[in-house]
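In what follows, a single structure is set out as structure tokens and then discussed.
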Amino acid sequence: MFETIASIIKICFIVVCLLLPMAFLLMWAERKESAIMQDRIGANRASVFGIRAWGLISMMADAIKMFVKEDFSPPFANKRLFHFAPFLAMFAVLITFAVIPFGPEWTLLGHTVKLQIADLGVGFLYMFALAPLGIYAIALGAWASNNKYSALGGIRAVGQLISYEVVVGLSLIGLVMVFGTVQLDSIVVQQGDYWFNGWIPKWGVFLQPLGLLLFFPAGFAETKRVPFDLPEGESEIIGFNLEYSGLKFGLFMMSEFIEMVILGALLTTFFFGGWQVPWLFSDGFHFPWGWDFSLPHTAVVLLQVMSFLTKLVFFGWFLQIVRWTLPRFRYDQLIRLCWLYLLPLAVLNVVITGIVILVLQ
Amino acid sequence: MSEERYIPRNDLNIETMQINLGPSHPTTHGIIQMDLQVAGEDIIEADVIIGYLHRGFEKMCEAHNWNQAVIYTDRLNYVSPLINNVGYHLAVEKLMDIEVPSRGQYVRMVLSEIMRICDHQTALAAAAMELGGFTPFLYLMKGRELWWELLERVVGARVTTSFTRIGGMVADLPDWFAAAAEDILLETANINREVHTLLTRNRIFIDRTRGVGYISPEDAISYGFTGPMLRSCGIEYDVRVAAPYLAYNDIDFEIPILTNCDVYDRFYIRLLEIDQSCRIIKQGLAKLPQGPVNHLDKNISLPPKSEVYGSIEGLMAHFKLLMNDNGVRPEAGEVYHAIEAANGELGYYLVSTGELCPHKCRVRPTCMPFTQALPQMIKQGMIADVVPCFGSINMIGGELDR
Amino acid sequence: MENNTISIEINGESFSFPPGTNILKACNMSGFPVPHFCYHPCLSISGNCRMCMVELELNGRSKVDVACVNTVAEGLKVLTDTPAVLKARRASLEFLLLNHPLDCPFCDCAGECKLQDYYEQYGNPEYSRFSEEKVHKQKRQSIGHNLKLDAERCVLCTRCVRFFEEVVGKKELGVGHRGAHSEIHALAETGVDNDYTGNVVDICPVGALTDTTFRFQRRTWYLQSVPTICPGCARGCNIELQFDLEHEYKRAGKRAQRIKPRYNEQVNQWWICDSGRYGFGAIDDNRLQQASVSEEGQNRTVSSNEAVKAAAKLIRRFIDKKGTAALAVLASPDETNEGLTALRQLFREGLQLPQIDYRLAGEPQGVADQLLKHADLHPNSRGCANLQLEPKFESGSLATQIESGAISGLICFRHDLPALLTPQQLEQLELLVVFETHVVEWNRQPEVLLPLAVYAEQNGSFTSFDGITQQINRAFAPSGEAGTALELIHALAGELKIKGVPATLEKARVLMSSLSADFATVSGPVAGPSRQVSKEARGIQHV
Amino acid sequence: MAQYVNHDQKFGATEAIYYPGIAKGVALTIRHFVVNMWFHLMKALRIKARPGAITIQYPDQRRVLPAALRIRHRIKLNEDGRLRCTACMLCETACPDNCIYIVPMESPEEVPEEKMPAIFEIDLARCCFCGMCVEACPMDAIHMDTGIAEMASDSRENLVLDLESLLKPGPIVCTGPAFRGKEILELLPHLKDVRAMEHQTQPEGSIYRVGKTNR
């Protein structure tokens with residue numbers, strides 16, 4: 001009973017308090033952050049009673065506009081698939097977050113609650129099984145629109161996402177080999193170890209630097225953002241969502257931003273210690289230079305959840321910076337990058353990791 | 001840098017798809033249509049359809065007198081209108097066999113070079129943005145904005161400058177101009193550095209542009225390329241050197257040549273030319289001679305306002321120039337005069353029959369040959385290559401369709 | 001013969017002239033125009049403007065002198081543009097401009113002002129050296145019903161004084177005061193009063209004399225011009241009709257702006273009378289715009305085509321019922337020869353109508369004078385007579401014929417029927433087809449009323465009282481739906497199935513030249529409206 | 001003298017792999033972000049600093065319009081309060097767009113200038129703001145210096161300025177927030193100098209108006 005209630009609360013927390021607000025914030029950040037780095041101010045004109053809240057009201061106005069805007073569907077579209085696709089896209093991204101741990105185990109009223117919706121044995125394999133559902137959403141939406149540009153976008157999306165799905169998986173194999181598990185929770189817990197007398201945390205970034213360099217672009221490509229925004233490529237083919245408007249366009253866009261949140265969460269979880277705070281143990285801080293602070297369990301849990309969220313926000317910010325700095329790839333270069341550079345390197349990474357593990361054993 | 005691209009084999013009997021890129025498409029800044037036959041992402045056939053912005057510029061000039069026609073030249077290459085003004089009036093002056101005083105020549109040269117910077121910055125910005133680089137776009141636009149802020153204070157308008165007149169300019173440069181330009185030159189160089197960092201040293205950008213839109217030097221010549229497009233094919237031709245006009249002979253500057261004939265070089269050469277234009281502006285302002293900017297003949301340029309308001313002679317000369325049946329009438333004859341506009345050789349062919357209005361005013365648009373060569377450039381590539389190719393030719397609808 | 005010509009050298013070329021020719025005229029004739037203000041070929045030599053400076057060289061001695069006072073002499077060498085001459089002209093101009101007010105912005109003469117033209121050609125390249133206060137004189141003096149004098153602008157060439165004295169024969173203007181304060185005065189309190197006052201505005205080389213009808217209406221450089229013939233009387237004076245279509249979308253209506261005389265040695269020389277000059281208002285005012293048809297008391301507006309069809313039907317029915325003798329045609333002496341030829345061809349040759357006339361008893365007559373005015377107020381009575389548009393009935397007895405019932409149908413071109421026939425007489429007509437240019441108050445609505453173009457709206461020719469046939473030219477399109485007589489009669493003939501009615505001006509010309517010797521040559525320029533012509537035309541005063 | 005110089009590019013190892021170029025670019029944009037963010041922060045904390053952005057918040061902030069700017073027309077009165085325009089129609093003649101329409105009339109006896117406009121219309125829908133009318137005016141009557149840039153209208157008729165609206169370009173009152181454009185000047189010091197110098201050299205009474213037009 002408690003488990004069920006806790007799960008429901010966790011799902012609500014994740015969706016209502018984490019994913020949607022984060023996606024919303026990312027949309028806001030996309031505008032304000034790009035503006036600031038481009039010496040602009042960004043959206044700030046909408047106001048309620050004179051309050052502009054640094055453009056947040058603009059975002060709300062946008063959201064309202066999205067909801068009330070005419071929901072147009074092209075006359076020769078396959079209506080059923082056309083309407084279905086955006087919801088599938090949203091579903092696919094929301095469901096993948098289930099396995100990501102956003103906090104440690106929390107002992108509450110005698111019960112131990114894992115701050116993770118589902119601690120599946122298959123771990124992130126679950127994600128790689130479900131995330132490609134988004135590809136169907138895009139392909140279906142693009143095809144159902146009955147538009148040549150959309151169709152091109154859909155085809156690009158399928159090619160790109162499926163290719164990079166492989167690299168995403170392979171680049172994490174090294175990590176799995178190091179930690180010996182596919183369970184995300186256990187990967188995060190293991191990143192609480194330290195090297196060199198506790199000076200350096202055993203984060204994935206230090207264990208698998210090449211893995212990070214491979215996972216980062218591959219994951220980025222999965223979010224379909226510049227420089228990997230070929231399915232959209234608004235100056236070339238306008239994109240798979242060309243015919244979508246109103247709420248359904250909003251769903252596509254939202255799913256894209258949630259994908260960014262997920263990418264941030266994965267980067268955090270795999271390479272940056274998940275909810276771990278350096279030198280924070282279950283009873284408090286133990287710094288290698290000898291300082292100790294003991295903290296109550298709840299405070300530690302909250303700090304660790306905060307740590308997870310902070311890392312998430314940082315990666316959100318960083319992904320935006322990268323997105324607004326770079327030009328876009330060309331389709332053949334993108335595919336070549338995947339199959340000729342990233343994939344062999346990922347295999348190499350697995351081999352090297354294996355050798356290193358063998359040597360260390 | 002980039003490997004051999006997969007080229008679709010004809011024996012596969014690929015069914016092609018027709019795609020109309022334009023007339024209103026984000027890539028086609030300006031209205032132009034590209035009719036593409038694609039197999040997948042590869043372009044098999046390409047055709048460029050122009051004429052969506054045809055306003056009858058040349059015909060309209062025939063209904064306006066020699067000075068009034070200058071407002072139409074603003075609307076040719078609306079990114080660097082002042083160069084068009086200068087070119088037009090240099091042609092008229094050649095027809096009339098007069099020359100503006102040397103200060104006027106320097107002022108025209110400096111303003112032309114400022115416009116060249118603005119044009120290059122806009123072209124680069126648009127090209128960068130279409131490749132997805134929105135940030136360099138805004139940095140470059142910021143750079144252009146500084147120049148426009150300055151020009152607005154001198155010329156009185158940002159786009160529709162209409163600043164030259166037969167025998168001179170509407171006004172002289174103010175005395176604070178050099179100091180203000182100095183600061184903006186620094187900022188321009190700084191923005192150039194930023195663009196180098198963001199784009200020209202970035203592998204993604206290099207991949208997107210290197211080897212793309214190749215056109216051989218022979219083809220470039222036979223299409224009639226001029227300007228940065230031609231010089232990026234390794235051919236040394238610049239009107240400023242081949243047939244010096246204004247004060248370019250007194251200025252020490254380089255004309256960059258690149259030899260790879262691709263989009264990267266067209267992009268890069270514009271950045272280099274911005275630097276050279278900065279040099280010209282600096283030297284021009286330093287050497288700016290004293291004296292009048294306008295030709296002093298009362299039958300050519302308007303008398304000073306003090307004379308118009310204060311003496312019957314000035315008033316009559318003023319009326320004589322402005323009344324319909326009077327005004328400037330070049331002697332019957334024809335002339336072709338070309339200048340180095342931002343995009344290449346901008347030529348005006350004028351025929352006078354001794355009337356008040358040009359009998360014929362024909363423009364050699366700079367971007368017309370580039371647009372003609374566009375199908376050849378994009379036929380080798382993919383849909384995504386249309387974007388940098390199109391960006392690199394810097395097509396300006398106003399000038400192309402006239 | 002050799003005694004009668006004197007050969008001189010102008011700018012190195014030899015010319016020969018009859019003795020007594022003045023040098024200015026000689027230069028102008030030889031293609032070396034000399035600037036001048038006071039000289040006019042029709043007036044006596046005054047020699048006061050000092051603008052026509054030329055260098056005269058005789059027997060090795062040379063001097064710079066005015067060209068108008070000196071006459072040609074054997075072996076004389078004339079140089080018209082040596083530096084000395086240019087310097088002298090420049091100095092003269094500077095003097096003339098010393099006290100000239102800064103009036104170009106509101107001077108009507110701007111654009112056709114000799115001062116402006118000569119300043120452009122010969123003036124000081126520097127601007128003014130004069131920094132003192134200018135002499136002020138009275139502006140805006142009314143010196144006649146149509147003349148305004150601005151004494152400040154006057155350069156005292158005295159052309160106007162001499163014109164009244166020598167051409168009109170009445171001394172009406174004079175010069176008063178002395179030196180810089182000299183002014184033109186009207187000698188009578190009421191100002192000048194004769195029939196040729198408008199001409200002094202033409203010959204005034206600057207904007208001192210302006211015409212109240214044109215004053216501040218349009219700027220001269222907007223005007224387009226077309227050479228044509230004055231329709232005011234049978235003299236056939238050559239005129240330039242000047243008009244303006246600029247911003248026509250804003251000011252519908254007033255197109256004709258003024259009339260200027262056009263030089264013709266045989267007819268009017270440089271002049272026209274005031275009634276001809278100020279008659280242009282009729283071109284645009286109160287014009288009939290649309291055709292109308294009256295059926296059973298119902299009057300409705302129709303297109304010209306429909307009206308022509310209706311007219312043809314009615315005429316055909318009338319002839320079938322009453323025969324040709326009951327249908328009279330009143331042609332118009334205001335129509336062109338070509339229109340009249342078509343009319344003659346349709347009604348006399350085609351329909352075989354016996355009753356054709358061009359006069360109507362009681363029409364007003366003018367007063368003739370010595371110079372230009374003629375008593376016949378129609379420009380083409382001679383043309384009508386040449387085409388034998390004479391009736392079988394006694395001229396002037398149309399009214400009685402109508403009353404007696406001999407004539408019960410009338411086709412009328414441009415006669416003021418309501419004024420000349422009684423309402424009873426009009427009521428008696430069974431059929432009344434009227435071609436009219438202006439709106440007329442009808443007490444009996446014509447069955448068919450068709451709008452007709454006036455002389456400014458068509459090409460054609462008029463024959464003056466002494467048999468000179470001269471070309472008139474179309475300035476602008478007919479007002480409203482009006483058509484020319486030629487077009488309408490041709491259309492009517494088509495509806496009546498009558499062959500042989502000329503459709504074009506050229507065909508009508510061929511036909512009419514076989515009818516009278518007067519029509520053999522049509523003199524005068526054939527020209528459409530143009531600014532260039534207008535510039536030449538405005539140069540009328542630049543003689 | 002100009003000379004041709006070959007500038008061909010050779011790429012090295014840093015261009016062969018993606019990361020260095022990307023890292024440099026990202027570093028550049030991060031620098032921009034941090035610097036601008038710092039000044040935004042300063043501003044949020046009400047600490048005097050230059051603004052973090054170069055943009056101008058248009059209806060609230062307005063650019064200082066330069067004296068030379070060609071913008072909506074007006075007709076000047078002379079020192080005695082009389083109309084300067086004498087309907088000489090040179091502006092109408094010089095106008096390449098035919099957008100000026102003047103009907104002249106004779107002025108009352110007491111006015112020295114004999115002629116004045118009865119109708120003076122400028123059709124802004126046709127006007128291309130080339131300034132040739134100002135150049136042509138021999139009476140210093142027409143000027144394009146009102147600083148009014150907001151001329152939009154929902155009908156063509158409203159775009160025709162008559163004599164009255166040309167004489168009174170509309171009450172120009174500062175109803176919006178006070179001008180905050182100084183911030184941009186501080187961001188771009190050279191422009192500040194331009195403005196300072198311009199104000200030194202422009203004669204008194206030349207135009208620039210800031211704030212909302214009351215229309």
Side-chain angles (χ1 to χ4, degrees), chain A residues 30-31 33-42 143 146-160 217 220-221 224-239 242 320-341, chain B residues 1-7 17-21 24-29 36 38 40-42 126-143 145 191 194 197-200 202-212 267 381-388 390-391:
Chain A
E30 161 133 298
R31 289 163 188 214
E33 190 183 329
S34 65
I36 290 165
M37 62 192 262
Q38 290 163 351
D39 305 344
R40 297 185 287 126
I41 293 173
W143 179 80
N146 193 12
N147 179 313
K148 288 173 181 172
Y149 286 113
S150 312
L152 274 175
I155 292 166
R156 281 182 176 192
V158 171
Q160 173 184 336
F220 215 138
K224 311 186 290 291
R225 308 263 300 157
V226 177
F228 301 98
D229 70 333
L230 301 180
E232 199 169 319
E234 76 270 344
S235 62
E236 295 160 16
I237 57 162
I238 306 99
L242 173 59
Q320 300 279 21
I321 289 274
V322 176
R323 179 249 178 278
W324 284 102
T325 304
L326 298 178
R328 154 186 330 119
F329 282 99
R330 195 172 62 202
Y331 189 58
D332 60 332
Q333 291 163 356
L334 178 94
I335 299 296
R336 187 180 300 119
L337 175 73
C338 175
W339 293 103
L340 293 189
Y341 299 116
Chain B
M1 184 112 301
S2 71
E3 290 82 9
E4 280 302 302
R5 199 180 296 116
Y6 160 76
I7 305 217
M17 173 166 81
Q18 190 197 8
I19 279 193
N20 280 318
L21 216 70
S24 59
H25 184 276
T27 307
T28 59
H29 44 98
L36 309 177
V38 295
E41 291 265 331
D42 293 284
M129 183 181 69
E130 281 152 11
L131 287 174
F134 202 73
T135 305
F137 165 77
L138 281 163
Y139 291 169
L140 284 163
M141 281 291 143
K142 180 180 77 182
E145 186 61 27
I191 287 167
E194 288 182 343
T197 313
L198 283 173
L199 294 177
T200 56
N202 183 334
R203 170 79 193 269
I204 300 178
F205 181 80
I206 295 168
D207 276 357
R208 279 308 297 275
T209 52
R210 183 54 106 194
V212 168
F267 193 95
M382 309 176 82
I383 292 176
D385 287 339
V386 175
V387 177
F390 192 79

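Numbers restart at 1 for each chain; the letters A, B, ... are given by sequence-line order, proteins then strands. Just so it is clear, the structure is predicted and the values come from calculations on it, not from any experiment.
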Point to revise | Test side chain to side chain donor-acceptor pair (under 3.5 Å) applied to B:T197 - qualifying residues, sequence neighbours left out | key: none
Check your understanding: Looking at residues at least two apart in the chain, or sitting in another chain, which of them share a side chain to side chain donor-acceptor pair (under 3.5 Å) with A:S150?
Key ->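 For A:S150 there are no side chain to side chain donor-acceptor pair (under 3.5 Å) partners, ignoring immediate neighbours.
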Exercise for review: Using non-hydrogen atoms and a 4.5 Å limit, figure out which bit of B:Y139 sits close to chain A: side chain, backbone, both or neither.
Suggested key: side chain
Point to revise | Part of B:V387 lying under 4.5 Å from any heavy atom of chain A | key: side chain
**Study point:** Contacts of type salt bridge (charged side-chain N to carboxylate O under 4.0 Å, His left out), residue A:R225, not counting sequence neighbours
**Key:**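 Result, salt bridge (charged side-chain N to carboxylate O under 4.0 Å, His left out) vs A:R225: A:E30, A:E256.
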Check your understanding: Looking at A:R156, A:R40, A:M37, which has the largest count of heavy-atom pairs under 4.5 Å with chain B?
Key ->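 Looking at each option in turn, the highest pair count goes to A:R156.
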Hey, are the side chains of [X] and [Y] touching, using non-hydrogen atoms and a 4.5 Å cut-off?
{"X": "B:E194", "Y": "B:T135", "result": "no"}
{"X": "B:F267", "Y": "B:T209", "result": "no"}
{"X": "B:L138", "Y": "A:D39", "result": "no"}

Review point. Chain B contacts: which residues in residues 320-329 of chain A have a non-hydrogen atom closer than 4.5 Å to it?
Key: A:W324, A:T325, A:L326, A:P327, A:R328, A:F329
Exercise for review: Identify which part of A:L337 has an atom lying under 4.5 Å from any heavy atom of chain B, answering side chain, backbone, both or neither.
Suggested key: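 For A:L337, no heavy atom lies under 4.5 Å from chain B.
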Point to revise | Reference residue B:N202; test side-chain contact (heavy atoms from CB on, under 4.5 Å); the match among B:L199, B:I204, B:I206, B:L198 | key: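 By the side-chain contact (heavy atoms from CB on, under 4.5 Å) criterion, B:N202 pairs with just one of B:L199, B:I204, B:I206, B:L198: B:I204.
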Check your understanding: How many angstroms lie between atom CD of B:Q18 and atom CG of B:L36, to the nearest 0.5 angstrom?
Key -> 8.5 Å
